[in-house]
Structures are given as C-alpha cells and as structure tokens.
Amino acid sequence: MNVYKIKIVVAFITLLTVFSVEMFAQKNSRPNVIVVLADDLGTGDVSYYRKLHSNKIVLETPNLDKLANEGMIFTNAHSPAALCATSRYAIMTGNSCYRSTEGWGVWGGYSKPVVKDEQLTLGRLMKQANYNTAFFGKWHIGTGFGRKDNSEVLFISNRQEKKNPRVPVDITRILYGPKQFGFDYSLSLPAGIQNTPYAIYENHKWLKLKENSTIKVINQDDYNRLGVDHFNKPGWGDSNWNPSEMGPLLARKAVDYIAENANKSAPFFMYYCSQAVHTPHAPPTEINGVKIKGTTPSKHLDMVKELDQQVGMLINELKKQGVYDNTVIIFTSDNGGLGPDIVPDSYSSGHQPSSIYRGSKNLPYEGGHRVPFIVSWPHNIKKQQQSSQPIIGMDIMATLAGITNQTIGKSVAQDSHNLMPVLKNVKGAKTHDFLMIQGGADKEYIINDKGWKLILQVNKKTKDYLDATPIGLFNLNDNLIEDQSKDYINNPAYQDKVASLLKKYKETIKSNVYLGNR
C-alpha cells in the first residue's frame, strides 16, 4: 500500500473514531442544565423580543439574542407573580403562590425560609437524578441565620428588630439556606443586593470581599461614598460591600464552576439568579473586559448590558469546555420590567422595559408579569423557533423532570407543566388551559383563560384568596395592550364572562386542583 493510500485510510479511521465518540457521547451522556433567572427584566429589555414589536432599539443584547436564535422563545410567558419573592418561591417549588403558607410579601434576608422541608425544589429534583447542583446569586425565599448570643439557634426577626440596624443576628454563616434545599455548592446573596445582610456567602460561609473585611452596619454614607443613588435601609454587612462588584463576582465564580464540573462523570445543574437588573443600579466599570458603566443612556441600561455579558460569559465557558452542545439553557425573569418611576432615564431615552405591554413590575397588567423565556439545547431543540402558547415560571420544574427522565407525583410541583413536548414539536403538544398569576403588593390575583383575563382584588386585610372582587376584564386576543377603554368589567354584556372566570378562579383555589401536565 503506497503512502497516499495509507494517509487516506488513517484519515478515514480518525474521522470514524471521532464520529463514533461524538455519537456515543450524545447518545449516552446526560445534558448539563443551566437556569438563568434575571431580576426585574422585562420583555422589552431583551432586544430580540423588542424587535418583534418595534424597530427602535436603544440597547442591543447580543448574547441573549444569539441564545434566542439558537432555540425556542416563548412570547406568552409569565412570571408566577408580578413581584420577585413570591415568584421565586413558585419557580423553586413548581407551586403557585396561593399554595404557599406565606403567599404574599417580600421577604427580607433574615426571614424564615418559606419552602417546607418536605417540598420538592429544583435542587432536590436534580439531586434525585444524580446531578452536581449549584446555586448562584439572589436567594430571597428566606434564609436562616443564628442568634448573636448563640449562633446555633435560629434567629427569628420581629417587628421591633426590623427597625434596628443592629439586630442580634450572627451573619457570618448561614444555618438554613441553599444547602438544605438540594444545592451542593452555593454562592448566595440572601436578599439580593438591595437588602440586608449586605454580604455574600460561599457554601453558607461569609465570603470576605477583602482580607481586611469586618462586619459593620452599612448605611447611607457608605453608599454615598460609592456613588450609589439607591439605598434601602441600614443593616449588617461586609465593611467592603460594593453592590457594583456582585455581578462580576457571581459571573466569575460561575465560570470557574463550569470549568471545574464540565467534564466530571456526573452532569451539573446550575441555578443562576443574577443580581441584575434590580436596584440599586450600580453597574461595574467593566465585566469580562467589556466597558459597562456610563456606556448606555442610564444606569439601569448599563445593568441590562452587564446581564447580557454575564450570560455571554457562561456560554463562552461552556463552549471552551466543549459541553455547550450538550447543555440545556433556560433563561427567564422573576417578574416584568421596571416602571418609569424607577428608571425614568431609560424611558426618556426611548427604551420600553415592558415593550408594548401595559404596566410594569408590581402591577397586575401584562407588563408586570409577561417575561422573556428562552430555551436552548443544540441538536435537541430546533433553532429559531417561536411559540405563543401560554407558559409560566413554574413550568421549569416539570421540564427539568422531563429532561432528566424523572416522574414526579401530582402532590408536588402542582402547577408545573413539562414543556419538552412543545420544545420537541410533538404533534398536538399543548401547555396550560388557563393560568393563575399573582399581582403585586396591592394583593391582586389574575386568572387568564384562553386570553380572557380577569383581575381580582383580594381583601388586603384578610389576604384570603377567596375574598376577592373582580376589578378588571380584558380580552387579550384583540386587546393585548390592555387598552383601558376596552375594560369590560362594568359592561353588562360581559357579566356572564366575569361570573364564569370568577367561579373557575374560586373553584381552583378551593379544590387545590392539580394544574400541571407531565
């Protein structure tokens, strides 16, 4: 055999070997999974979504747009609530807010954990499938710290102590947090960057931001020195606390985690809860070598740009480690975008955080709870797909169960629908028959049945879901922007529709009916 023929044979064998290895890996290896939950990001904040309705793009989000192009986007996706904390409970458990014993409110960093010990969580689900699990970022569903006088005893906050920045709590370590809910590794901000404690924790231990860090009361003067214009309240924190450093820290640690776990025998699950784009809007000077601070019309948009870069860093590391093609990425937000009272500079620049939708975070209108939802899984989900089927944040749980071939009972994750048939284009695949969505701090609830949307005012004193009065009726099928002139709540011709939706809402609440689809 001459040299030319030998080279051909060697090349063929090499190609066949590589092809066989790749085929074997794709057939037998389980995918890594990353769920990214943005904070206060509306559909209009992602340029891919904004371009569906407008040519006016103030800020491009190239990494998120590329992710959207590489999988399926949902244009009728909703957060479980128009407010962050209750949404996070629902996403973590697959249960609607009304099923929680703490169904209303925004919980602080020292609040009692709202997830029950026996409840299924995203972390516990993936541990059952023998995944390495990790949590990054804003926890905000209650964190247990020890008392100052006895760090082994759980600190219970009360009304008086909430007014005292020097509450008797030991913030040097977490007693009850991500570890107890199924996460092997965690880098957590108990209540995000906006609330106490102003510190970050790695595997439940206070991660000093600098060697000389101490525990002190962080106050308005500290924020003034940093040039940060939004401050919530004084409270314990790291003496070197700087909210602008948290995003880059989260992203760097997440990149390191991918590098360390990408090629282990067990796949990994990462739940990445970004600090962006919640207030305080304190963008970093740069992230990943890209200038951020001062590069857009507002600090808010700077942080949207930062978030886009964070996602880009995760994707680039997946590709560097050779596991991008076998990684599922789900991207969404905990509620709708911010309103003009919070980010006036963004609005004056022409940017629309909620795109065409009425309202914003904390409101029962579509802008308060309609969110971006993107799913990418190369070679398993076709590129450039778009679905208008109604979905909700709780669906992440059953979808992950579908990806990992797990069966979960109807007594847990009761409102979670497996989206894999839709993602895989299974003929006849459908999602929810109707959606139940919580409003904001004003105690509204929403039932959306095939585009007919009834807004209910829950009694603010009793907080009883059944003690609810209809206050708005919209037909989103021909009034997606919820034009107030087409609010049919007092129109005699639509009282039967109001009555039927109210009846379905109350029957659902009372019956504790299972609303998911596995």
Has Lys66 got more than 12 heavy atoms of other residues, nucleotides or ligands less than 6.0 Å from its NZ?
no
Kindly give the heavy-atom pair with the smallest separation between Arg358 and Phe474, and that separation in Å.
NH1-CZ, 3.7 Å
For Gln438 and Thr86, run side chain to side chain donor-acceptor pair (under 3.5 Å): C-alpha distance rounded to whole Å, both residues' side-chain angles, the deciding distance at 0.1 Å, then the answer.
CA-CA 8 Å; Gln438 189 181 86; Thr86 44; 3.1 Å; yes
Run the ring-ring contact (aromatic ring centres under 6.0 Å, His included) check on Tyr49 and Phe74 step by step: do they pass?
CA-CA 10 Å; Tyr49 274 85; Phe74 289 85; 9.8 Å; no
Evaluation steps, salt bridge (Lys or Arg N to Asp or Glu O under 4.0 Å), between Glu202 and Arg173:
CA-CA 9 Å; Glu202 187 169 36; Arg173 66 188 179 106; over 6 Å; no
Are Tyr131 and Phe269 close enough that their ring centers fall under 6.0 Å?
no
Lys443 backbone acceptor or donor facing Gln457 side chain under 3.5 Å:
yes
Verdict with supporting geometry, Ile509 and Met436, side-chain contact (heavy atoms from CB on, under 4.5 Å):
CA-CA 10 Å; Ile509 298 288; Met436 299 279 283; 3.8 Å; yes
Any salt bridge (Lys or Arg N to Asp or Glu O under 4.0 Å) involving residues 71-95? Give me the pairs, sequence neighbours left out, ordered by first then second residue.
Asp39-Arg88, Arg88-Asp334
Test His351 against Asp45 for side chain to side chain donor-acceptor pair (under 3.5 Å), laying out the working first.
CA-CA 8 Å; His351 182 73; Asp45 290 324; 2.6 Å; yes
Check this for me, if you would: do Arg99 and Asp415 make a salt bridge, where the nitrogen-to-carboxylate-oxygen distance has to be below 4.0 angstrom?
yes
Taking the side chain as everything from C-beta on, heavy atoms only, tell me whether Ile481 gets closer than 4.5 Å to Asn479.
yes
For Gln309 and Ile292, which heavy atoms make the closest approach, and how far apart are they?
CG-CD1, 4.3 Å
Close side-chain approach of Phe373 to Leu419, heavy-atom, < 4.5 Å
yes
Only counting residues at least two apart or in another chain, list the ones meeting ring-ring contact (aromatic ring centres under 6.0 Å, His included) with Trp377.
none
With side chain to side chain donor-acceptor pair (under 3.5 Å) as the rule and sequence neighbours excluded, what pairs involving residues 385-396 come up?
Gln385-Asn425, Gln389-Thr431, Asp395-His432
Under 6.0 Å from the NZ atom of Lys463, do we count more than 12 heavy atoms belonging to anything else shown?
no
Residues that Lys320 engages under side-chain hydrogen bond (donor to acceptor under 3.5 Å, both in side chains), provided they are two or more places apart
none
Determine, step by step, whether Phe331 and Val311 satisfy the side-chain contact (heavy atoms from CB on, under 4.5 Å) criterion, reporting the C-alpha distance in whole Å, the side-chain angles of both residues, the deciding distance to 0.1 Å, and the verdict.
CA-CA 9 Å; Phe331 176 90; Val311 174; 4.1 Å; yes
Knowing that exactly one of Pro267, Pro31, Pro378 qualifies, which makes a side chain to side chain contact (heavy atoms under 4.5 Å, CB included) with Val328?
Pro31
Contacts of Lys453 that satisfy salt bridge (Lys or Arg N to Asp or Glu O under 4.0 Å) - sequence neighbours left out
Glu366, Glu482
Provide the closest heavy-atom pair for Phe145 versus Pro197 in the form atom of the first, atom of the second, distance.
CZ-CG, 3.9 Å
Quick one: list whatever passes side-chain hydrogen bond (donor to acceptor under 3.5 Å, both in side chains) with Tyr257, sequence neighbours left out.
none
Is it true that atom NZ of Lys116 has more than 12 heavy atoms of other residues, nucleotides or ligands lying nearer than 6.0 Å?
no
With a 4.5 Å cut-off on side-chain heavy atoms, are Leu435 and His78 touching?
yes
Is it the case that atom NZ in Lys450 sees more than 12 heavy atoms from other parts of the structure closer than 6.0 Å?
yes
pair Pro190-Trp139: side-chain heavy atoms closer than 4.5 Å
no
side-chain hydrogen bond (donor to acceptor under 3.5 Å, both in side chains) partners for Lys264, two or more places apart
Asn261
Flag the pair Leu454 / Leu502 as yes when at least one side-chain heavy-atom distance between them is below 4.5 Å, and no otherwise.
yes
Centroid separation under 6.0 Å, is that true for the rings of Tyr445 and Tyr465?
yes
Work out which heavy atom in Ser354 is nearest to a heavy atom in Ser360; give both atom names and the distance.
OG-CA, 3.9 Å
Can a donor-acceptor pair be found, under 3.5 Å and without considering hydrogens, that links the side chain of Asp449 to the backbone of Trp452?
no
Before you tell me yes or no, could you show the steps for Thr61 and Ser47 under side chain to side chain donor-acceptor pair (under 3.5 Å), namely the whole-Å CA-CA distance, both residues' side-chain angles and the distance that decides it to 0.1 Å?
CA-CA 6 Å; Thr61 51; Ser47 53; 3.0 Å; yes
Verdict with supporting geometry, Leu480 and Tyr357, side-chain contact (heavy atoms from CB on, under 4.5 Å):
CA-CA 7 Å; Leu480 196 56; Tyr357 305 108; 3.7 Å; yes
When you measure from the side chain of Ser54 to the backbone of Arg50, do you find a donor-acceptor pair of N or O atoms at a distance under 3.5 Å?
no
Go through Asn76 and Ile391 one step at a time and tell me if the side-chain contact (heavy atoms from CB on, under 4.5 Å) criterion holds.
CA-CA 7 Å; Asn76 193 6; Ile391 67 168; over 6 Å; no
For a 4.5 angstrom cut-off between non-hydrogen side-chain atoms, does Leu250 reach Ile200?
yes
By salt bridge (Lys or Arg N to Asp or Glu O under 4.0 Å), which residues pair with Lys497, not counting sequence neighbours?
none
For Asp40, enumerate each residue passing the salt bridge (Lys or Arg N to Asp or Glu O under 4.0 Å) test, keeping only those at least two apart in sequence or located in another chain.
Lys361
Would you call the rings of His300 and His281 parallel, tilted or perpendicular, where under 30° means parallel and over 60° means perpendicular?
tilted
Please name all residues satisfying ring-ring contact (aromatic ring centres under 6.0 Å, His included) with Phe183, sequence neighbours left out, ordered by chain then number.
Phe135
With sequence neighbours left out, what residues match Gln310 under side-chain hydrogen bond (donor to acceptor under 3.5 Å, both in side chains)?
Tyr272, Ser274, Gln275, Glu306
If we only count heavy atoms from C-beta on, is the Leu207 to Leu187 side-chain gap below 4.5 Å?
yes
Does Ile330 reach the side chain of Ile34, with side-chain heavy atoms less than 4.5 Å apart?
no
Between the side chains of Lys51 and Glu60, is the shortest nitrogen-to-carboxylate-oxygen separation below 4.0 Å, so that they form an ion pair?
yes
Quiz item: cation-pi between Lys504 and Phe434, 6.0 Å / 45°:
yes
Hits for salt bridge (Lys or Arg N to Asp or Glu O under 4.0 Å) against Arg124, two or more places apart or cross-chain, chain-then-number order -> none
Yes or no on side chain to side chain donor-acceptor pair (under 3.5 Å) for Thr133 and Asp184, after CA distance, side-chain angles and deciding distance?
CA-CA 5 Å; Thr133 57; Asp184 302 318; 3.2 Å; yes
Is the backbone N or O of Ile381 less than 3.5 Å from a side-chain atom of Lys383, with the two atoms forming a donor-acceptor pair by type?
no
